[in-house]
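Both backbone and side-chain heavy atoms feed into the values below; hydrogens, waters and symmetry mates do not. Naming: A, B, ... by sequence-line order, numbering from 1 per chain.
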Amino acid sequence: MSLHLPVLIVVLLLAASYTVPLLDRYRRGLTLPVTILSLITAFISSLYLLYLIGVQGPFVYHLGGWPPPWGIELYIDYLAVYMLIVISSIGLLVIIYGAKDLLHEINEEVLSWYYTLYLLLMASMIGIALTNDLFNLFVFVEISAIASCGIISAKADRRCIEASIKYLILSALGSGCILLAVAMIYMITGNLNFDYVAAALPEALKLYPYNIVIALGLFVVGFGVKSALFPLHVWLPDAHSSAPSPSSAVLSGLVIKIYAVALVKLLFRVFPPQIFEAIPILDVILFLSVFAVMAGSIFAMVQDDLKRMLAYSSIAQIGYIFMGIGLFGGRALTGGLLHIFNHAMMKSMLFLAAGLIIYATGIRNLKDLKGIGVRMPWTMGAFAVGAFSMVGIPGTSGFISKWFLALGALDLNRPFYVAIILLSSLLNGIYYFPIIIDAFFGTKVDPVSEFRDVPALMLIPVLILAAGVIFFGFYPKPLLDLVNKAISF
Amino acid sequence: MDDLVIRSVSRLVVPFIQLYGLYVIFYGHLSPGGGFAGGAIVASSMILYGLSFNLEAGSRKLGHDVSSFMESGGAIWYLIIGLLGILFGSNFLANRYAGVSLGTPGQLFSGGIIFFLSLGIGVKVASTMITLFYSLSGGEDSSGSNN
């Protein structure tokens with residue numbers, strides 16, 4: 001039974017997402033419990049899968065009992081389980097927060113449809129992490145793109161709809177690139193399974209070098225658009241800042257990273273290593289990531305909207321993950337993949353804290369946040385932890401991932417990138433620290449008239465995430481072990 | 001729209017479109033087409049009905065309750081059929097490996113679970129397209145997803 005667990009997680013989340021609209025008709029009170037219970041089950045199952053592959057090693061699952069190259073194959077290795085744990089844990093905390101927050105952010109009638117889309121998004125991301133089949137990957141990428149658009153536009157105000165249409169168009173372009181690349185690969189290898197394609201590509205590289213190079217380029221562009229790699233990031237600030245806070249948290253925290261992981265899988269498991277000698281694709285990714293890290297921070301500095309600033313900060317942080325990919329070979333990829341979890345924790349926490357501030361006071365403008373720390377000590381305390389982690393203060397988890405990125409750059413004898421990491425950390429400090437200083441030590445010009453108390457149910461997920469940031473800052477060993485196993489391709 | 005010609009023609013044509021759609025769904029494992037194509041054809045008959053009579057009459061034929069039940073039901077049906085594979089000792093969506101009789105190739109009732117899967121997909125696609133049509137045309141007042 002436990003060997004069916006990988007597919008059962010996806011099936012459970014899909015089934016829950018289709019059950020929610022029915023429950024909405026007949027038992028409205030049950031929609032939220034079903035959503036949360038299914039995510040709890042997914043989280044526990046992910047932990048059990050971690051235990052399972054620790055005992056018996058990575059294993060495969062053949063859908064319908066058909067072995068590849070005929071059937072779809074799921075490959076449950078450490079990378080997949082790592083992503084499963086990241087997705088299900090953060091997804092669970094965000095929806096617990098969302099249970100109360102969504103009530104005032106979106107129309108009550110579409111609330112259960114929001115849960116449907118949310119569960120679909122979770123199922124598709126878990127599918128992307130698990131699948132070992134190119135076309136199956138594309139299908140899950142499409143599901144997650146549509147579901148992401150849905151949870152952005154759920155708020156139904158003008159800015160959200162504009163942002164989600166922008167996102168829909170750009171991510172459809174990305175999907176088109178991915179589909180074309182899959183077609184290219186299928187054309188020359190005749191296979192869709194990752195392992196079979198990987199076996200066929202070294203030979204095919206001699207016969208059809210251009211097809212493979214084009215496919216590689218299309219994959220990088222397609223997944224680059226979806227994960228907002230620097231020059232392709234234009235949709236992100238609008239989408240992530242105007243969406244409801246739980247959507248922002250899950251989009252910035254999880255969705256943009258799963259595409260980076262898909263790219264990691266393709267680059268290092270499917271494409272032959274010779275291709276990196278033929279074309280400098282890793283250097284291109286590295287080059288773009290340097291721009292992402294710098295430009296994201298510089299754009300974030302000039303924002304005066306809290307959530308917009310956090311969105312631009314995401315562009316910089318996704319740059320670190322791609323820097324880890326680009327510096328493949330040393331310890332940098334450890335740092336990059338570790339940053340997936342760390343950034344998922346801290347960015348979703350920051351977005352949720354921003355949501356709490358907006359919930360309690362309605363303030364979005366950074367200038368009005370003076371003295372807010374006195375009114376909301378817990379929220380701003382968590383915000384401060386997240387901001388320290390973004391900057392990379394030792395003792396927070398953000399430090400660990402930047403440390404490994406820097407070590408990886410030194411392993412490859414490229415100290416330039418250490419300087420970039422330091423410089424961008426300083427830039428992070430420039431826009432995060434004034435907020436915290438203002439919040440705790442600033443004197444308020446005029447007191448906020450409206451102030452709503454924050455429900456404990458919304459505060460607890462934020463505090464759990466803050467505790468996680470500190471815990472994994474002091475004790476990163478379990479995560480590091482997992483990530484090091486995940487990148488042993 | 002109140003045109004006698006369009007009404008009479010669509011009244012004649014709708015049953016045949018639906019029959020053809022069902023044929024495409026049920027012969028999904030034997031001939032080109034399948035759940036998606038057949039479901040779209042069935043849905044097009046309902047859309048034709050809604051357009052040639054009026055939208056209220058169309059949505060009375062298939063209310064939002066029913067169509068959202070069919071939407072979720074079709075997908076859940078698919079998942080349940082898939083889970084039967086695990087129940088019978090093989091993998092998710094297993095067909096022959098789960099001991100399902102495949103019948104004689106070429107017969108209508110052959111191919112094991114594929115027939116039932118196409119049915120689920122057909123129901124899901126048809127109801128989704130009809131819901132989409134009514135959401136876009138604004139002929140549906142409930143659900144709140146349209147405004």
Student: With a 4.5 angstrom heavy-atom cut-off, which part of B:Ile113 approaches chain A: side chain, backbone, both or neither?
Tutor: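 It is neither, since no heavy atom gets under 4.5 Å.
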Student: Counting only non-hydrogen atoms closer than 4.5 Å, does A:Val11 touch chain B with its backbone (N, CA, C, O), its side chain (CB onward), both, or neither?
Tutor: both
Student: Quick check for you: among A:Gly65, A:Ser112, A:Gly64, which has the greatest number of heavy-atom pairs under 4.5 Å with chain B?
Tutor: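 Option with the top pair count is A:Gly64.
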Student: Can you tell me which portion of A:Thr19 sits under 4.5 Å from chain B's heavy atoms? Options are side chain, backbone, both or neither.
Tutor: both
Student: Does the ring centre of B:Tyr49 sit less than 6.0 Å away from the ring centre of B:Phe53?
Tutor: yes
Student: Ring centres under 6.0 Å, that's the criterion: do A:Phe135 and A:Phe138 meet it?
Tutor: yes
Student: Quick check on the interface: out of B:Ser68, B:Gly82, B:Gly85, who has the most heavy-atom pairs with chain A under 4.5 Å?
Tutor: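 Heavy-atom pair counts peak at B:Ser68.
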Student: To the nearest 0.5 Å, tell me how far B:Asn91 CG sits from A:Trp66 CH2.
Tutor: 12.5 Å
Student: If only side-chain N and O atoms count, and only distance matters, is there a donor-acceptor pair under 3.5 Å linking B:Ser52 with B:Ser10?
Tutor: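 There is such a pair (donor and acceptor under 3.5 Å, judged by atom type) between the side chains of B:Ser10 and B:Ser52.
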Student: Which atom names give the shortest non-hydrogen contact between A:Ser242 and A:Cys160, and what distance separates them?
Tutor: O-SG, 3.0 Å
